[in-house]
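Values in this document were obtained by computation on a predicted structure and should not be read as measured data.
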Amino acid sequence: MIIFDKKLYVSLTCQKTSHNFTKIAFKPLHTNLFNIVLLSFFLTLGCGNLYSQEIKNKKKPLPTVKQTDKPKTAVTDITPAPIADTIKLDTVKTKKNALDAVTKYKAKDYAKYDRKNKTLTLYNEAELYYKDVELKSGIIVLNLEKDEVYAGRIRDSAGVLIQYPNFKQGPSEVQPDSIRFNFKTKKALIYNSRTEQGEFKIKAAITKKENDSVYFLKGARFTTAKDIDDPEYYFRTNKVKFVPNKKVVVGTTQMVIADVPTPLVLPFAFFPMTKEKSVSGIIVPSYNDSNTRGFSLQNMGYYFALNDNYDLTVLADYYTNGSYAMRFESAYATRYKYRGNLNVRFENLINSERGYPDYSKENIYNIQWSHSKDSKSNPNSSFSASVNMGSSKYFKRSINQANVGSNLNNTLNSSISYNKTFNTIPQARFSLTATHSQNTQTEQIQMTLPTLQASVDRVYPFVGKDGVKKGFIKNINLQYNLSGKNNINTTDSLFFKPQMFRDAQIGMQHSIPISTNFKVFKYFSAGASTNYQETWVTKTIDKNYDPEKGQIVNTTVNGFDAFRTYNFSTNLGTTIYGTFNFGSDKKIQSIRHVMRPTVTYSYTPSFDQYYNNYTVDATGRISTYSRFDGGIFGAPGKSNSNIVSFALSNTFEAKVRDRDSTKTEPKKIMLLNNLNFSTSYNFNADGKETLAWQPVLVSGGTQLFDNKMNVNFGATLDPYAIDNGGARINTYNIDNGGSLFRMTSANVTLNYSFSNKGTGKEQENKQSERNGGRKDDLFGTNTDLNDSRNSQFANDKDDEDDVITEFFKAKIPWDMTMAYSLTYSNINRENKITGNSIMISANMDITPKWKGGVSTGYDFVQKGVTFTQFRFERDLLSWRMAFNWSPLGVNSNWNFFIGIKSGMLSDIKWNKRSTSNR
């Protein structure tokens with residue numbers, strides 16, 4: 001036994017009873033005989049190890065001493081060596097802590113630790129953080145003995161339960177009434193849990209967390225409504241297996257709307273849930289019927305989420321009379337490189353029944369491709385595509401496009417281009433462009449496959465080392481341009497057939513323009529230029545009179561041929577400023593008028609060497625032609641051209657006193673953005689077939705009402721009179737008893753878009769514009785019958801922060817678009833209004849949840865209502881109901897839709913529509 005002259009601390013463990021008596025303090029042995037007797041009693045009972053420690057070093061106990069038969073008494077100055085010989089490590093294993101990571105916690109009222117029960121209690125706004133677990137609640141009880149935590153609500157002063165638990169582990173988050181969680185097994189028992197997974201909100205009476213990735217729910221309901229406790233609809237089921245961010249598998253499920261059970265019951269259901277933007281899956285079709293094609297299943301198909309960069313949607317329609325349609329839609333994007341989409345549509349349409357007189361069958365198709373390249377990927381090159389091509393009757397006949405703006409459009413246009421810049425000295429540019437223009441009325445198609453454009457930047461050969469370009473000589477510059485074309489003119493019926501390519505015209509044109517500019521009399525800007533062109537073609541014509549047929553025969557000659565032309569032009573212009581001051585005390589303080597007159601003279605010599613004679617008829621009458629007539633770049637001129645052109649542009653601007661009296665500077669207002677006059681005089685006019693003066697063209701435009709109204713106007717003023725047949729004669733109209741000019745045509749257009757919200761529409765009808773229609777809704781909104789979940793109103797959005805009170809807003813949101821067009825014609829003394837129509841589109845929030853809109857117009861010449869569409873929409877929170885109706889004309893139709901907004905449940909819908917009369 002070791003004795004120190006301080007206090008003696010004894011650690012006694014009874015080997016028989018396993019009782020542990022620790023830190024029993026004794027006074028020094030020589031002061032109290034009773035302590036020696038008591039110590040001997042414990043040793044006799046077989047209780048073990050005795051240790052001592054100085055008071056000043058209590059925190060670090062000395063090693064235990066081995067128990068011997070006869071305890072040895074050590075002196076107070078015992079050296080460490082004999083003590084080390086008798087030391088033996090304690091064989092009692094220390095219990096490992098239950099929590100093997102740092103635990104952080106806090107609470108507003110208190111954090112109490114119970115040593116006996118080994119529990120930590122946090123009360124009021126309690127928070128606990130352990131590894132990836134974040135727990136917030138009114139009360140949290142952490143049990144170290146059982147390695148588990150409990151969280152629940154607390155009551156406020158009124159007895160109301162508040163501070164619901166919020167349990168978050170990794171990406172999963174739950175808001176239950178109470179929760180028990182075991183840190184070791186990762187299992188949990190959750191009561192009235194509320195969780196969100198993507199667009200889904202799930203609430204369950206009892207939730208059992210099996211592990212990090214599997215939950216079992218009992219008495220569950222799930223919905224996409226905002227309020228999980230009082231949803232407008234939900235799916236009710238008793239058994240659910242939930243794998244966060246992957247899937248939800250449920251047993252027998254019933255749909256409940258407004259707390260009313262519906263007959264819609266499924267024996268089981270599977271809902272994919274993932275963090276990915278989209279997953280592959282079946283697209284459920286909608287049922288419909290038509291008087292002309294019978295019953296149908298529409299928009300059935302499959303969505304392929306191929307990867308993060310592109311996808312594919314395959315859709316099909318089938319009608320019981322044999323009609324069907326196929327659509328392939330794909331969107332693709334690579335960040336910082338490019339993005340685009342491709343739509344291919346084909347429809348086999350059968351009307352009526354075989355054997356009936358109104359039976360018909362036709363195939364129509366449409367291809368749309370949009371592609372744009374990010375300039376950051378390569379600033380020296382670009383590639384873009386905007387394609388809209390197909391059958392001329394597609395938008396008029398299609399059973400899956402409801403867009404009158406596209407129906408009334410007469411042209412389809414496409415363009416695909418690639419541009420490349422070479423950073424050489426001088427810089428060079430190269431581009432390839434394929435274009436397509438299609439008239440849907442005449443079914444004529446014009447294409448270039450492709451057009452080649454190349455150029456070299458201007459070179460100033462007479463500029464010195466200082467780089468100053470001043471004067472006539474130093475401003476002389478030249479460049480080189482190359483243009484190559486492969487033109488195809490065809491029709492719908494010959495599109496992409498062999499004859500289409502046989503009729504193609506191929507040619508190339510080289511040009512070298514040389515120009516300069518200089519000042520004349522300080523205030524005049526002058527310029528001069530000449531241009532040399534060389535044109536290559538692969539086809540020419542030969543004209544001969546065939547006496548047997550009695551007509552002229554044009555023969556196409558295949559082979560290389562070329563012609564060369566040149567011309568000269570010069571121009572002189574200046575800018576004149578005029579200001580009319582009315583005084584600083586006036587409302588209109590001054591008006592500024594800016595005029596820019598320009599005179600241009602151009603001369604092109606005759607290239608009659610490229611013309612030949614041919615016999616016109618059997619009488620031997622002779623005429624001339626050029627073998628390059630009808631060529632891709634036209635034919636050179638037979639007679640010289642000697643023309644002087646005049647142009648005058650004007651702008652008018654006013655300074656007015658600002659309504660804000662605190663501002664000292666007047667406000668500038670543009671009165672006329674432009675007012676232009678132009679005409680020309682031909683010195684070589686013969687006064688018979690060609691008259692000297694060309695009509696004066698007048699055009700102008702301005703913006704009114706804070707730039708919300710665009711006003712454009714134009715007119716044609718002819719100085720010559722006409723004969724009884726309406727042909728122009730070489731007699732001035734004023735000499736024929738008329739005015740100085742005879743107005744042959746005029747037009748005025750107004751476009752006005754305004755709103756009480758202070759701004760115009762933020763979203764345009766982009767699909768309508770892409771189809772060839774208008775980008776506004778004057779011809780109604782574009783309706784994609786494949787997916788009606790999107791709103792038909794441009795400014796529709798979920799106002800989550802709007803509070804609906806018992807009174808609606810005094811300022812009802814609305815917007816309006818108006819277009820007016822007036823056309824006057826007097827070419828042959830008809831002196832009448834040939835066009836006079838107005839189109840109006842208006843949208844308004846009738847109530848907080850009801851929206852209404854109308855598009856209509858009136859033709860004052862035809863005295864009839866133009867296209868009219870009524871549209872209504874009801875926001876049903878997580879649902880949307882829409883109805884639009886076009887009651888008049890061949891495009892009359894109606895469409896009704898009600899369905900869930902969420903894309904995850906987009907198949908839960910009812911869509912009913914009529915087919916148009918076209």
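Scanning both residues, A385 and I416, for their nearest heavy atoms gives CB-CG1, 4.0 Å.
A side-chain N or O of Q438 and one of D492 form a donor-acceptor pair less than 3.5 Å apart. Side-chain contact of N341 with E329: a donor-acceptor pair under 3.5 Å is absent, judged by distance alone. Side-chain contact, N299 with N911: no donor N or O sits under 3.5 Å from an acceptor N or O.
A 6.0 Å sphere centred on OH of Y105 holds no more than 12 heavy atoms belonging to other residues, nucleotides or ligands. The number of heavy atoms from other shown groups lying within 6.0 Å of CZ (F501) is above 12. For K373, the NZ atom sits in a packed shell: over 12 heavy atoms of surrounding residues, nucleotides or ligands are nearer than 6.0 Å. Within 6.0 Å of NZ on K497 lie no more than 12 heavy atoms contributed by other residues, nucleotides or ligands. Residue-environment remark: NZ (K393) stays at or below the threshold of 12 foreign heavy atoms within 6.0 Å.
Partners of S193 according to the side-chain hydrogen bond (donor to acceptor under 3.5 Å, both in side chains) rule, which considers only residues two or more places apart in sequence or in another chain, are T207. Partners of Y234 according to the ring-ring contact (aromatic ring centres under 6.0 Å, His included) rule, which considers only residues two or more places apart in sequence or in another chain, do not exist here. Among residues two or more places apart in sequence or in another chain, the salt bridge (charged side-chain N to carboxylate O under 4.0 Å, His left out) test is passed with R874 by none. N486 meets the side-chain hydrogen bond (donor to acceptor under 3.5 Å, both in side chains) test with no other residue; sequence neighbours excluded. For the ring-ring contact (aromatic ring centres under 6.0 Å, His included) test, no residue two or more places apart in sequence or in another chain qualifies with W850. Not a single side-chain hydrogen bond (donor to acceptor under 3.5 Å, both in side chains) links T195 to another residue, sequence neighbours left out. Judged as a ring-ring contact (aromatic ring centres under 6.0 Å, His included), and not counting sequence neighbours, F422 has no contacts. Taking the salt bridge (charged side-chain N to carboxylate O under 4.0 Å, His left out) definition, one finds that E134 meets it with nothing, sequence neighbours left out. Looking at residues two or more places apart in sequence or on another chain, you find a salt bridge (charged side-chain N to carboxylate O under 4.0 Å, His left out) between K376 and D374. Residues satisfying the salt bridge (charged side-chain N to carboxylate O under 4.0 Å, His left out) test with D229, not counting sequence neighbours, are R194, K203. Applying the side-chain hydrogen bond (donor to acceptor under 3.5 Å, both in side chains) test to T448 and every residue at least two apart in sequence or in another chain returns T435, T451. In this view, F383 and H371 satisfy the ring-ring contact (aromatic ring centres under 6.0 Å, His included) rule, not counting sequence neighbours.
Using a 4.5 Å cut-off on side-chain heavy atoms (C-beta onward), Y129 and K136 make contact. Y233 has its side chain within reach of T224: a pair of non-hydrogen atoms, C-beta onward, lies under 4.5 Å apart. With contacts defined as side-chain heavy-atom distances shorter than 4.5 Å, the pair T421/Q427 qualifies. L905 is listed as a side-chain neighbour of F200, based on a closest heavy-atom distance under 4.5 Å. No side-chain heavy atom of F897 sits under 4.5 Å from any side-chain heavy atom of F883. Taking 4.5 Å as the limit, some side-chain heavy atom of I283 sits within range of a side-chain heavy atom of T313. For the pair Y164 and D177, the minimum side-chain heavy-atom distance is below 4.5 Å. Residues V265 and T253 are not in side-chain contact: their nearest non-hydrogen atoms beyond the backbone lie 4.5 Å or more apart.
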Original post:
Is there a side chain to side chain donor-acceptor pair (under 3.5 Å) between D317 and Y324 once you walk through the steps?
Top reply: CA-CA 5 Å; D317 302 338; Y324 64 89; over 6 Å; no
**OP:** Under the side chain to side chain donor-acceptor pair (under 3.5 Å) rule, what do N366 and N343 come out as? Steps first, then yes or no, please.
**Re:** CA-CA 8 Å; N366 177 255; N343 299 331; over 6 Å; no
Original post:
Hey, mind stepping through S384 and S417 against side-chain contact (heavy atoms from CB on, under 4.5 Å) and telling me if it holds?
Top reply: CA-CA 6 Å; S384 63; S417 63; 3.1 Å; yes
Original post:
After noting the C-alpha distance and the side-chain angles of R339 and S370, does the key distance pass the side chain to side chain donor-acceptor pair (under 3.5 Å) rule?
Top reply: CA-CA 8 Å; R339 63 174 54 250; S370 176; over 6 Å; no
**OP:** Please step through side chain to side chain donor-acceptor pair (under 3.5 Å) for the pair E173 and N166, ending with a clear verdict.
**Re:** CA-CA 7 Å; E173 187 172 358; N166 185 294; 3.0 Å; yes
**OP:** Go through the steps for V214 and F242 under the test side-chain contact (heavy atoms from CB on, under 4.5 Å), then give the verdict.
**Re:** CA-CA 6 Å; V214 178; F242 170 43; over 6 Å; no
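Between F295 and Y319, a ring centre-to-centre spacing not shorter than 6.0 Å is recorded. A distance below 6.0 Å separates the ring centres of F183 and F181. In this structure, Y310 has its ring center no closer than 6.0 Å to that of Y332. Ring centroids of F222 and F235 are separated by less than 6.0 Å, placing the two rings close together.
Atom OG1 of T237 is separated from atom NZ of K218 by 12.0 Å, given to the nearest 0.5 angstrom. One finds the CG atom of D132 at 4.5 Å from the CD atom of Q169 (value rounded to the nearest 0.5 Å). To the nearest 0.5 Å, atom OH of residue Y394 and atom CZ of residue R345 are 5.0 Å apart. Remark: N192 CG to I228 CD1 distance equals 11.0 Å, nearest 0.5 Å. If you take NZ on K485 and CG on L449, they are separated by 13.0 Å, rounding to the nearest 0.5 Å. To the nearest 0.5 angstrom, E232 atom CD is 9.5 Å from I900 atom CD1.
Between the D815 side chain and the S753 main chain, no donor and acceptor come within less than 3.5 Å of each other. In this structure, S886 contributes its side chain and Q869 its backbone to no donor-acceptor pair below 3.5 Å.
None of S382, S381, S375 except one satisfies the side chain to side chain donor-acceptor pair (under 3.5 Å) rule with N378; the exception is S381.
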